[in-house]
Amino acid sequence: MKHPYLTDDHQMFRQALRKFLDKEAYPHFDQWEKDRMIPREFWTKMGEQGFLCPDVEEAYGGSGVDWGFSVVINEELEKVGTSMIGIGLHNDVVVPYLTAFATKEQKERWLPKCVTGETITALAMTEPGTGSDLANIRTTAIKDGDHYVLNGQKTFITNGIHSDLVVVACKTDPKAEPKHKGVSLIVVERGMEGFSRGRKLDKVGLHSQDTAELIFEDCRVPKENLLGEEGKGFLYMMDKLQQERLLVAIGAQVAAEDMLQTTIDYVKSRKAFGQPVSKFQNTQFKLVEMATEIEMGRTFLDQLIARHMAGEDVVTEVSMAKWKLTEMAKDTASSCMQLHGGYGYMEEYKIARRYRDIPVSAIYAGTNEIMKTIIAKNMGL
Ligand SMILES: Cc1cc2nc3c(=O)[nH]c(=O)nc-3n(C[C@H](O)[C@H](O)[C@H](O)COP(=O)(O)OP(=O)(O)OC[C@H]3O[C@@H](n4cnc5c(N)ncnc54)[C@H](O)[C@@H]3O)c2cc1C
């Protein structure tokens, strides 16, 4: 049967990427987790091989290929570890803001280095006082001659330490009613006066992912760095969240598939009461239940990716996939750890890291509760 979106070209690309990751990522990943940082050189190596932003137009240094190639990249990076999510965020969340809303001049200035990995990007929406309720952000950007002057603080920002270019959600009109109409997106670049990094945050999981606070104190940004139109920032964010949430759903699905396979291998080799743990009926039923949920998740996800690539509005279905697949992956992590017995709780077993890494997928890119409010609204409730 024909795959909903993958062709032979995607599969060849996957082989090349796997070969690259076998050499450049897998042997180093445990050390990166200990160092709590993925080195910048890994980004530029990805860029050299064409594994960053492959869907960016050729005129700006990309390959101009379909989003299926990005899906392949996200799947293969997730297999290495969820901490690689920052690369997917750059490729498929932040850079798409530039390709969609930047002017030709801005694209020429920013995009080529995003493709080579010389520029790493971040998206700064969340603040210490507000995450889910984005219309209530407090960071302001007030016009002063040819500049915007930014004041405020952002937190939990993925790629926060490495980022050279940050798309910042801020209020250009703090008094606007309704509040979301005062939100704009402004691009802040490394080295701009008044822009500094706060703490690199110490997280339960995703250890090598650099998540940080960003601080803007009378930060002067040239008005040429406004993205799109003033007051449209909230609408732009809503537009781009479909792909961001799909990305999280893809990560959760791949993580669940990986945990299932790891656990099948383990229970076949581990013996108790004179037989492999895989021969106990409880083990079999647990694995069968997980395999069934995972198979259904894969079918739902693949057709959603195809519909997203076809340009359909699948906000409701993507919200469903985001909450359901991340909860499924969390349940899978818990059951798989149990089937590993005491070894599952040891850091040298991969399931321990997966167990730590997966819960955040239910929180970021909009919490699962927020997903349900979107679905409820779209169901007319
Ligand atoms: C590792 C990590 C990386 C992140 N990366 C980024 C990033 O790169 N850029 C960025 O901008 N943000 C990022 N975030 C922030 C993330 O998107 C927010 O944490 C998330 O949106 C939730 O916001 P909050 O933490 O303020 O929780 P809150 O909004 O305070 O929510 C607290 C609880 O209340 C619930 N809740 C809130 N509103 C409702 C409602 N209307 N109905 C029902 N329940 C509700 C929530 O679901 C949650 O359970 C990241 C977070 C983490 C942990």
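Index from 1, following the sequence. Quantities reported herein were computed from a predicted structural model and do not represent experimental measurements. Atoms within each ligand, like the ligands themselves, are counted from 1 in listed order. The figures that follow rest on heavy atoms only: side chains count, while hydrogens, waters and symmetry mates do not.
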Quick one: does [atom] have a protein heavy atom under 4.0 Å from it?
{"atom": "atom 51 (C) of ligand 1", "answer": "yes"}
{"atom": "atom 11 (O) of ligand 1", "answer": "yes"}
{"atom": "atom 30 (O) of ligand 1", "answer": "no"}

Per-atom contacts of ligand 1 with Gly131, taking only distances under 4.0 Å to non-hydrogen atoms: 23 (O), 24 (P), 26 (O)
If the threshold is 4.0 Å, N to carboxylate O, is there a salt bridge linking Arg298 and Glu293? no
Can you confirm, on distance only, whether ligand 1 has an N/O atom lying under 3.5 Å from any N/O atom belonging to [X]?
{"X": "Ser132", "answer": "yes"}
{"X": "Asp133", "answer": "no"}
{"X": "Ile370", "answer": "no"}
{"X": "Met125", "answer": "yes"}

Which side-chain N or O atoms in residues 177-187 pair as donor and acceptor under 3.5 Å with protein atoms at least two apart or in another chain?
residue, atom, partner, partner atom, Å
Lys179, NZ, Asn136, OD1, 3.3
Ser184, OG, Thr172, OG1, 2.6
Ser184, OG, Gly231, N, 2.8

Who's the nearest protein heavy-atom neighbour of [atom], and how far?
{"atom": "atom 20 (C) of ligand 1", "value": "Ile363 O, 3.7 Å"}
{"atom": "atom 9 (N) of ligand 1", "value": "Leu123 O, 2.8 Å"}
{"atom": "atom 8 (O) of ligand 1", "value": "Thr158 N, 3.0 Å"}
{"atom": "atom 19 (O) of ligand 1", "value": "Phe156 CD1, 3.7 Å"}
{"atom": "atom 22 (C) of ligand 1", "value": "Thr367 CG2, 3.7 Å"}
{"atom": "atom 2 (C) of ligand 1", "value": "Tyr364 CD2, 3.6 Å"}
{"atom": "atom 42 (N) of ligand 1", "value": "Thr373 CG2, 4.0 Å"}

Hey, quick one: are Leu165 and Val188 part of the same hydrophobic cluster, counting side-chain heavy atoms closer than 4.5 Å, chains of contacts allowed? no
Applying ring-ring contact (aromatic ring centres under 6.0 Å, His included) as the test, list every pair that has at least one member in residues 88-115; sequence neighbours left out. Trp43-His90, Phe101-Tyr236
Classify the contact between Val360 and ligand 1 as side chain, backbone, both or neither, using a heavy-atom distance cut-off of under 4.0 Å. side chain
So if I apply the salt bridge (Lys or Arg N to Asp or Glu O under 4.0 Å) rule between Lys350 and each of Asp258, Asp357, Asp30, which one comes out positive? Asp258
Quick one about [Y] and [X] (side-chain donor to acceptor, distance below 3.5 Å, no hydrogens or angles considered), yes or no?
{"X": "Glu327", "Y": "Asn368", "value": "yes"}
{"X": "Gln15", "Y": "Gln11", "value": "no"}
{"X": "Gln261", "Y": "Asp265", "value": "yes"}

Selection from Lys203, Lys372, Glu369 by shortest heavy-atom distance to atom 45 (C) of ligand 1: Glu369
Just going by heavy-atom distances, which of Asn136, Thr126, Thr130, Thr155 is nearest to atom 17 (O) of ligand 1? Thr126
Measure the acute angle between the ring planes of Tyr349 and Tyr266, then classify it against the limits of 30° and 60° as parallel, tilted or perpendicular. perpendicular
Report yes if the side chains of Thr367 and Trp323 come closer than 4.5 Å at any heavy-atom pair, otherwise no. no
Can you confirm whether Ile142 sits close enough to Tyr148 that some side-chain heavy atom of one is under 4.5 Å from a side-chain heavy atom of the other? no
